Number of protein chains: 2
Amino acid sequence: MLGEKLRELREAKGLVQRQVAADLQVDTAYISKMEHNEKPVSRNHLKKLSKLYSVAENDLLPIWLADKVLQLVENEKFSVEALEMALNKVKQK
Amino acid sequence: MLGEKLRELREAKGLVQRQVAADLQVDTAYISKMEHNEKPVSRNHLKKLSKLYSVAENDLLPIWLADKVLQLVENEKFSVEALEMALNKVKQK
DNA sequence: TTAGTCTTGTCCTTTAAAGGTCAAATATAG
DNA sequence: CTATATTTGACCTTTAAAGGACAAGACTAA
């Protein structure tokens with residue numbers, strides 16, 4: 001989810017991975033992997049990316065977190081039940 | 001959540017931590033911490049505990065996973081949004 | 001008061017994930 | 001064809017979490 005989004009944003013800005021990589025000070029392979037969801041995106045990188053792509057960090061954060069959640073529950077038999085329980089807990093607070 | 005549940009189950013069985021600890025081959029401090037949510041419960045331990053307490057592992061698994069999810073999203077601003085997104089994704093599959 | 005239970009803090013080791021790089025292979029545009 | 005962009009896999013180092021022991025203290029109940 002986040003990877004696809006990041007790719008869209010980058011292309012919308014007309015940037016190549018090399019430019020993004022330079023900004024984050026990593027190599028292009030790393031960017032590629034982020035966009036393929038093969039490497040997690042750190043919060044710091046997320047912040048820089050949101051700046052670079054001119055979107056509010058708050059637009060990206062829910063997706064970013066949802067990705068993490070999905071990764072945690074993937075392949076779990078009771079993912080739905082667990083997410084529903086978690087959601088209830090979080091909401092009631 | 002899980003910790004409290006484990007404590008209830010243990011007490012319902014009339015077991016003391018020492019006995020549970022022996023079964024899992026850890027010390028009582030470890031059990032105490034599990035019941036206080038200060039140490040994560042491994043899947044293996046969860047399985048053993050469910051046997052020991054005579055409950056279906058499937059009764060415990062959703063709670064166990066929900067706990068992990070909650071820990072992941074705690075202190076996050078967009079926990080609700082993220083959980084809702086994750087839930088949708090998981091459901092549609 | 002003593003025995004048994006439980007709790008808490010500190011410490012340690014091992015495992016796994018994060019966070020990368022590099023080189024080579026692939027695709028794509030000109 | 002060649003240059004540029006991207007992808008992929010293998011590898012590496014660093015950081016953080018898991019998993020756990022131990023000792024000391026607190027809390028009962030007898």
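Keep in mind the model is a prediction, meaning the values are calculated, not measured. Heavy-atom basis, side chains included; hydrogens, waters and symmetry copies ignored. In what follows, chains carry the letters A, B, and so on, assigned in the order in which the sequence lines appear, proteins first and then strands, with residues in each chain numbered from 1.
Checked for salt-bridge contact, R43(A) and E76(B) meet the test: a charged N lies under 4.0 Å from a carboxylate O. Residues E35(B) and R10(B) are paired through a salt bridge, judged by an N-O separation under 4.0 Å between the basic side chain and the carboxylate.
OP1 or OP2 of dG20(C) lies within a sub-4.0 Å distance of a side-chain N or O belonging to H45(A). Phosphate contact (OP1/OP2 of dT7(D), side-chain N/O of Q17(A), threshold under 4.0 Å): present. Proximity of R10(A) to the phosphate of dT6(D): a side-chain N or O atom is located under 4.0 Å from OP1 or OP2. Residue R7(A) places at least one side-chain N or O closer than 4.0 Å to OP1 or OP2 of dT7(D).
dA21(D) atom P lies 16 Å from atom CD of E38(B), rounded to whole Å. When rounded to the nearest whole Å, the span between CE of M34(A) and C1' of dT7(D) equals 15 Å. At whole-Å resolution of the value, CG in L15(A) and P in dA5(D) are 12 Å apart. With rounding to whole Å, N44(B) atom CG is found 15 Å from dG20(D) atom C1'. The nearest whole Å value for the distance from the NZ atom in K48(B) to the C1' atom in dG20(D) is 14 Å. Residue N37(B) contributes atom CG, which lies 13 Å from atom P of dA18(D) at whole-angstrom precision. Distance NZ (K39(B)) to P (dT14(C)): 15 Å, rounded to an integer number of Å. Whole-Å rounding puts the L46(A) CG to dA18(C) P distance at 15 Å.
Using a 4.5 Å heavy-atom threshold, the side chains of R7(A) and E11(A) count as touching. With contacts defined as side-chain heavy-atom distances shorter than 4.5 Å, the pair L6(A)/Y53(A) qualifies.
Comparing dA5(D), dT21(C), dT8(D) against the side chain of D27(A) picks out dT21(C) as the nearest. For P40(B), counting side-chain heavy atoms from C-beta on, the closest listed nucleotide (dT6(D), dA18(D), dC22(D)) is dA18(D). Here the side chain of A29(A) is nearest to one of dT8(D), dA23(D), dT6(D), namely dT8(D). Here dG20(C) is the nucleotide among dG20(C), dG20(D), dC22(D) with the atom lying nearest to any side-chain atom of V26(A).
Positionally, the nearest nucleotide of DNA chain C for E11(B) lies more toward the 5' end than for the other of E11(B) and K33(B). Taking the nucleotide of DNA chain D with the nearest heavy atom to each of L24(B) and R18(A), the more 5' of the two is matched to R18(A).
Other residues, nucleotides and ligands contribute more than 12 heavy atoms inside 6.0 Å of the NZ atom of K48(B).
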